[in-house]
Chemist: 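Before I ask anything, here is the structure I am working with.
Protein chains get the first letters and strands the later ones, always in sequence-line order, with residue 1 at the start of each. This one's a predicted model, so the numbers in the text were calculated from it and none came from an experiment.
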2 protein chains.
Amino acid sequence: MPDSLTGRRRSVLHETRCQTCSLSSLCLPLALEVQDMDQFDAIIRRRAPLKKGETLFRQDNPFTSVFAVRSGSLKQVTTEGSGEDQLTNFYLPSELVGLDGIDEERYPGTAVALETTTVCEIPFDRLDQLSESLPELRGQLYRSMSKELRDDRRMMRLLSRKTADQRLASFFTSLSDRFRRRGYSPYSFRLSMSRADIGNYLGLAVETVSRILGRFQSQGLVEVSGREVHILDLDSLIQVAEEEGAK
Amino acid sequence: MPDSLTGRRRSVLHETRCQTCSLSSLCLPLALEVQDMDQFDAIIRRRAPLKKGETLFRQDNPFTSVFAVRSGSLKQVTTEGSGEDQLTNFYLPSELVGLDGIDEERYPGTAVALETTTVCEIPFDRLDQLSESLPELRGQLYRSMSKELRDDRRMMRLLSRKTADQRLASFFTSLSDRFRRRGYSPYSFRLSMSRADIGNYLGLAVETVSRILGRFQSQGLVEVSGREVHILDLDSLIQVAEEEGAK
DNA sequence: CCTTCTCCTTGATCGTGATCATGGAAGGCA
DNA sequence: TGCCTTCCATGATCACGATCAAGGAGAAGG
């Protein structure tokens with residue numbers, strides 16, 4: 001195979017071939033045939049890992065690419081007018097960042113790494129072209145966007161109807177679920193975001209986040225130490241997250 | 001032309017040809033060449049107009065099509081668990097309904113007509129196929145979804161950071177803007193939704209909606225009589241919608 | 001090491017908007 | 001026409017969570 005050198009060179013920097021990526025079953029190449037994956041692979045750009053606090057792109061930067069998170073995590077923050085920032089989303093491995101920039105050809109928020117984070121950069125014009133000949137890829141892209149729409153609607157429900165307790169419980173059960181899907185423990189994980197980030201995302205004051213975490217702990221639902229989280233009673237947590245207005 | 005009969009038959013029911021639709025410059029066929037528009041036209045299905053209160057699709061129905069609103073308006077309502085309904089969106093002419101169902105192949109909410117409403121049904125598998133050969137159409141579809149993502153993020157900001165006054169003001173300025181873009185008066189329009197719908201959408205109690213509308217009226221910002229709205233001072237309304245936490 | 005931030009926790013008070021309660025207006029239907 | 005239902009407005013009270021205030025814990029950097 002004449003591409004062994006290419007393969008080797010890539011590996012030296014860091015592995016970016018989709019075939020060997022443990023996330024390929026969750027990420028865009030999902031459902032691609034091997035030869036299709038090669039094509040897809042070819043348009044992906046490597047990126048130096050981001051350190052904590054570094055930005056992947058800034059609000060209003062021209063939109064060029066979407067990014068798949070390989071490891072680590074990011075938050076997306078939007079500043080509107082002279083108001084405060086609004087944290088609109090957290091992104092975990094295999095998730096796509098930047099899809100909301102297609103329309104206006106600018107990123108509608110700033111993406112900041114919450115820890116050391118690596119991403120695959122996917123130039124959107126190339127992706128669009130490739131999606132012409134690969135129906136599976138196109139479908140996957142539609143699905144990714146559709147899923148994000150659905151998640152947003154769920155978030156709206158959370159913000160407009162749920163109490164602070166329900167919001168926190170939802171946040172933890174959702175995180176737990178996302179970790180499980182990625183093959184990590186759904187019961188023990190480390191938060192990469194601060195209390196302030198969580199509060200901002202959930203529409204709560206930092207103090208409220210702290211207090212409720214304390215309460216959850218004293219109720220035996222979770223064990224929290226700094227950013228280290230152990231979920232002790234996932235079922236009850238789910239129940240809290242979904243409980244009726246009938247409190 | 002052998003298709004004159006088809007053309008005529010269509011017109012008898014109601015005009016559904018994109019070429020003559022006044023919304024084509026806002027809708028999916030935007031930026032399509034005439035001959036491409038014909039292809040697009042061919043996959044669209046006619047639909048009998050919906051009467052007020054009738055549903056276009058129900059939550060958890062299998063996803064088959066997206067719908068472009070031609071006239072009238074719809075709301076999308078999601079029922080989760082045994083909790084209350086959440087109104088996730090209003091749809092006006094030229095907007096696409098159902099895009100959030102692609103991912104799970106089920107509609108994530110029920111779409112209900114707020115008044116007599118006509119829609120163009122666009123079977124998604126056909127749309128996807130066609131988007132393969134029509135890059136402009138594909139781009140338009142990506143943009144539509146991306147725009148909806150952006151709008152959702154704006155809504156999250158509204159729900160998590162804005163006061164009741166700001167929410168109502170935002171709601172009216174946004175409606176005003178959407179009417180203007182569609183060639184209607186941005187200052188005088190009729191609300192197709194009830195106060196309860198508005199409250200549900202904005203995360204407010206009906207009473208709060210009523211009270212604030214009354215206040216806006218006494219402040220000379222708007223004149224409201226039932227569902228008839230006249231915006232008297234759009235600038236101030238925009239200012240209220242955007243004003244700082246510095247109240 | 002100690003200093004200096006940033007991050008987190010806990011307490012006390014206050015305000016916005018939900019909730020409860022009621023009456024009136026308007027629209028659908030016999 | 002009048003009945004009945006749904007929708008809307010307005011008043012009184014209350015609770016959830018924001019805000020203000022202060023102190024502790026942990027990390028970064030000299």
Side-chain angles (χ1 to χ4, degrees), chain A residues 51-53 75 83-84 86-87 112 114-116 158-171 190-218 222-229 240 243-247, chain B residues 51-54 75 83-87 112 114-116 158-171 190-218 222-229 240 243-247:
Chain A
K51 286 200 277 290
K52 178 176 175 171
K75 61 177 174 184
E84 295 171 34
Q86 164 73 15
L87 204 166
V112 182
L114 293 168
E115 57 197 309
T116 302
L158 178 146
L159 291 171
S160 75
R161 312 222 85 82
K162 293 194 177 184
T163 65
D165 287 52
Q166 293 176 302
R167 295 184 197 192
L168 258 301
S170 297
F171 181 68
R190 186 180 163 71
L191 301 172
S192 57
M193 68 292 285
S194 69
R195 301 286 192 272
D197 285 339
I198 297 174
N200 188 324
Y201 178 59
L202 296 177
L204 298 172
V206 201
E207 296 93 323
T208 306
V209 176
S210 253
R211 267 185 259 273
I212 293 177
L213 252 48
R215 183 141 32 88
F216 280 178
Q217 177 140 318
S218 69
V222 297
E223 200 185 301
V224 184
S225 167
R227 298 195 172 182
E228 212 61 49
V229 175
V240 172
E243 76 197 356
E244 295 280 329
K247 294 168 307 240
Chain B
K51 287 201 275 291
K52 178 176 175 174
E54 288 183 339
K75 63 178 174 181
E84 293 172 36
D85 291 349
Q86 165 73 13
L87 204 166
V112 182
L114 293 169
E115 56 196 312
T116 302
L158 179 145
L159 291 171
S160 76
R161 314 223 84 80
K162 292 195 176 182
T163 65
D165 288 51
Q166 294 176 303
R167 294 183 198 193
L168 258 302
S170 299
F171 181 68
R190 184 179 164 71
L191 300 173
S192 57
M193 67 293 283
S194 69
R195 304 283 192 275
D197 285 339
I198 297 175
N200 189 322
Y201 179 60
L202 296 177
L204 298 172
V206 200
E207 297 92 324
T208 306
V209 175
S210 257
R211 267 185 259 273
I212 293 176
L213 251 49
R215 182 139 34 87
F216 281 177
Q217 176 141 313
S218 69
V222 296
E223 199 186 301
V224 185
S225 167
R227 296 194 174 182
E228 213 60 48
V229 176
V240 171
E243 75 197 352
E244 294 279 331
K247 295 170 302 239

Chemist: A/Ile212 has an atom CD1; how far is it from atom C1' of D/dA15, in whole Å?
Modeler: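 After rounding, the reported distance stands at 14 Å.
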Chemist: Just how far, in rounded Å, is P of D/dG17 from CG of B/Leu159?
Modeler: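 Atom-to-atom, B/Leu159 to D/dG17, this comes out as 15 Å.
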Chemist: I need the NZ-P distance between A/Lys162 and C/dA18, as an integer number of Å.
Modeler: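 Computing the A/Lys162:NZ to C/dA18:P distance gives 18 Å.
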Chemist: Would you indicate whether the side-chain heavy atoms of A/Leu168 and A/Leu204 approach each other to under 4.5 Å?
Modeler: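 Result yes, sub-4.5 Å side-chain heavy-atom pair found.
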Chemist: Starting from the first five and the last five pairs of the helix from C/dC1-D/dG30 to C/dA30-D/dT1, work out the angle between the resulting helix axes, to 10 degrees.
Modeler: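 Its terminal axes enclose an angle near 50°.
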Chemist: Can you find a side chain N or O atom of A/Arg195 that sits less than 4.0 Å from OP1 or OP2 on C/dT9?
Modeler: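 Checking A/Arg195 against C/dT9: at least one side-chain N or O falls below 4.0 Å of OP1 or OP2.
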Chemist: Please identify each residue that fulfils side-chain hydrogen bond (donor to acceptor under 3.5 Å, both in side chains) with A/Arg227, with sequence neighbours left out.
Modeler: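 side-chain hydrogen bond (donor to acceptor under 3.5 Å, both in side chains) check on A/Arg227 returns nothing, list empty.
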Chemist: Can you check the B/Leu213 CG to D/dT10 P distance for me, whole Å?
Modeler: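 Rounding to the nearest Å, CG of B/Leu213 and P of D/dT10 are 10 Å apart.
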Chemist: Under the side-chain hydrogen bond (donor to acceptor under 3.5 Å, both in side chains) test, which residues partner B/Glu115, sequence neighbours left out?
Modeler: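 For B/Glu115 the side-chain hydrogen bond (donor to acceptor under 3.5 Å, both in side chains) partners, ignoring immediate neighbours, are B/Ser73.
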Chemist: Which of residues 197-209 of chain B sit near DNA chain D, with a heavy atom under 4.0 Å from it?
Modeler: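 By residue number: B/Glu207.
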Chemist: Do the side chain of A/Arg167 and the main chain of A/Leu159 share a donor and acceptor less than 3.5 angstrom apart?
Modeler: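 Yes, the answer is positive, given that a donor and an acceptor are paired below the 3.5 Å cut-off.
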Chemist: Just checking B/Arg227: base, sugar-phosphate only, or nothing, at a heavy-atom cut-off of under 4.0 Å?
Modeler: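 The residue B/Arg227 makes sugar-phosphate contact but no base contact.
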Chemist: Between atom CG in B/Leu168 and atom P in D/dC8, what is the gap in whole Å?
Modeler: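 Value for this atom pair: 13 Å.
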Chemist: Atom CZ of A/Arg167 to atom C1' of D/dG17: distance rounded to whole Å?
Modeler: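 Taking atom C1' of D/dG17 as the reference, CZ of A/Arg167 is at 9 Å.
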Chemist: Give the C-alpha distance, both sets of side-chain angles, the deciding distance and a yes or no for side chain to side chain contact (heavy atoms under 4.5 Å, CB included) between A/Leu213 and A/Val222.
Modeler: CA-CA 8 Å; A/Leu213 252 48; A/Val222 297; 5.8 Å; no
Chemist: If you look at every strand shown and take non-hydrogen atoms under 4.0 Å, does A/Ser194 touch a base, only sugar-phosphate, or nothing?
Modeler: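 Sugar-phosphate only.
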Chemist: Is any side-chain heavy atom of A/Met193 closer than 4.5 Å to a side-chain heavy atom of A/Lys75?
Modeler: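 Heavy-atom side-chain distance check fails, nothing below 4.5 Å.
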Chemist: Would you mind reading off the distance between B/Arg161 atom CZ and D/dA18 atom P, rounded to a whole angstrom?
Modeler: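 Rounded to the whole Å, the gap is 9 Å.
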Chemist: Could you tell me whether the side chains of A/Gln166 and A/Thr163 share a donor-acceptor contact shorter than 3.5 Å?
Modeler: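 Side chains of A/Gln166 and A/Thr163: pair found under 3.5 Å.
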Chemist: Measure from the side chain of B/Arg211, starting at C-beta and using heavy atoms only, and say which of D/dA12, C/dT9, D/dG17 lies closest.
Modeler: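 Between D/dA12, C/dT9, D/dG17, the one nearest the side chain of B/Arg211 would be D/dA12.
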Chemist: Who are the side-chain hydrogen bond (donor to acceptor under 3.5 Å, both in side chains) partners of A/Arg195, not counting sequence neighbours?
Modeler: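 Here no residue qualifies.
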Chemist: Could you list all the side-chain hydrogen bond (donor to acceptor under 3.5 Å, both in side chains) pairs where at least one residue sits in residues 204-214 of chain A, not counting sequence neighbours?
Modeler: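 Matches after skipping sequence neighbours: none remain.
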Chemist: Within this structure, what is the CD-to-P distance between A/Glu228 and D/dG26, rounded to whole angstrom?
Modeler: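 About 14 Å, once rounded to whole Å.
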